[in-house]
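For reference, the structure is listed below as structure tokens.
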Amino acid sequence: MASPALFPALLRLGDDRLVLGHRTSEWCGHAPILEEDIALANISLDLIGQANLLLQYAGEVEGAGRDQDALAFSRDAMEYRNALLCELPKGDFGVTIARHFFHGLFSVLQWQALSSSKDATVAGIAAKALKESKYHVRHAGEWVIRLGDGTEESHRRAQAAVDQLWPYTGELFMQPTDEAELVADGLVADVSALEGPWRAQVDDVLRRATLTVPETAWMQRGGRVGVHTEHLGHLLAEMQSVARAHPGAQW
Amino acid sequence: MVTREQVFAWLEEVMDPEVPVLSVVELGVVRDAEVRDDGSVLVSLTPTYSGCPAMKVMEDAIRDALVARGVPRVEVRFVYAPAWTTDWIPESAKAKLEAYGIAPPGARAESEELVPLRRATATLRCPFCKSDRTTLRSEFGSTSCKSLWVCHACTQPFEAFKAI
């Protein structure tokens, strides 16, 4: 039987994907071209699918009778543990792409590390999700280069997106203190160790995109302990409205 | 009492709801079927993609098919490791895909580079006119498992099973 101590770590993993997946689904029917509409909807589906597995397992290790639906639809913003980066409004296409690049790259590194977790379920989900996240980061990375090294307008907006999101990237690598034992036991990955490889890839792609890495050193934080921006509450209000209006409904 | 082989033979008749020329066995989703002493059957499934909406439909169809054949109780469990791969689709099933108008998965081209500047993709053969003059349009198609291509010889857009 898996350790209940895994619960907060699984929430952080699952909530990142649920919130980002839901946020990205806002593009469905609104993307600039048909191929991107399909791509973003596919990416949302993968992320929500990953969240489904992670929150289902979170509910099992918690052992309080909550399933993935209860965790997704019955928690308030303060109980969510996603990084702030995931909940920010979708912005323009440049912001959406830059966020997918930053978070997708983090995810690839995180799944790589987690695929050797001593918890077999975590390792299995990670190995599966890794294949999907590689597609996501390739898609986003190619767009970062195309937009950054594109027209004057696409360059300006891509740089604005990078500048806007940059202060929210640091939180991805802040290792939560309540996971120290899990890291020591080889159950979850130490995210602070992922920052170096992440930064090397980001530097490389932004350079090819003729974009500048911001010099901001101060980083926003809070999501991992339940202190969120105002945006998460609005997102949850929409996402949870049907489930809250019809508690326990099956369809 | 039914045998494991018999269960697999029945499941060969359960088709993928999105790609109805492939059975759930040919797709590689059915990993195992265990017949227990009480006659109940435990089917192990590995999902193609984490968010594939067809998984639920396949699960229900598998359950219905076995119950219709008189299996008293069917249990379905999901196995995530090893992760699903298109390598599990047999050559015979790949031919069916092509005949149906979907280019079958080729060899997996794992690039070392996460964001390659110039992508080395294997060329796929157009399932309609068999030309190799084809281009990948998008890695994301009408379902999680497919990408969008276009053929320059017959100008036909087509879908391909992504090799993962």
If you round to the nearest 0.5 Å, how far is OG1 of A:T121 from OH of B:Y80? 9.5 Å
Let me know if B:T85 has heavy atoms under 4.5 Å from chain A in its side chain, its backbone, both or neither. both
Quick one: does B:I164's side chain get under 4.5 Å of A:Y135's, heavy atoms only? yes
Do any N or O atoms from the side chain of A:K128 and from the backbone of B:P82 form a donor-acceptor pair under 3.5 angstrom? no
Answer key: most heavy-atom pairs under 4.5 Å with chain A among B:K162, B:R137, B:M55 is B:K162
For a 4.5 angstrom cut-off between non-hydrogen side-chain atoms, does B:S144 reach A:N42? yes
For A:D46, is it the side chain, the backbone, both, or neither that has a heavy atom closer than 4.5 Å to a heavy atom of chain B? both
Identify which part of B:S147 has an atom lying under 4.5 Å from any heavy atom of chain A, answering side chain, backbone, both or neither. neither
The interface call for A:V144 against chain B, heavy-atom contacts under 4.5 Å, is neither
Using a 4.5 angstrom heavy-atom cutoff, name the option from B:S138, B:C52, B:S142, B:G141 with the most pairs to chain A. B:G141
Between A:L53, A:L105, A:V137, which shows the greatest number of heavy-atom pairs under 4.5 Å with chain B? A:L53
Highest number of heavy-atom pairs under 4.5 Å with chain B among A:E36, A:E132, A:E35 belongs to A:E132
In terms of heavy-atom contacts, does NZ of B:K130 have more than 12 from other residues, nucleotides or ligands at under 6.0 Å? yes
More than 12 heavy atoms of other residues, nucleotides or ligands under 6.0 Å from CZ of A:R157: is that the case? no
Considering all heavy atoms, the nearest A:I38-B:F140 contact: CG2-O, 3.6 Å
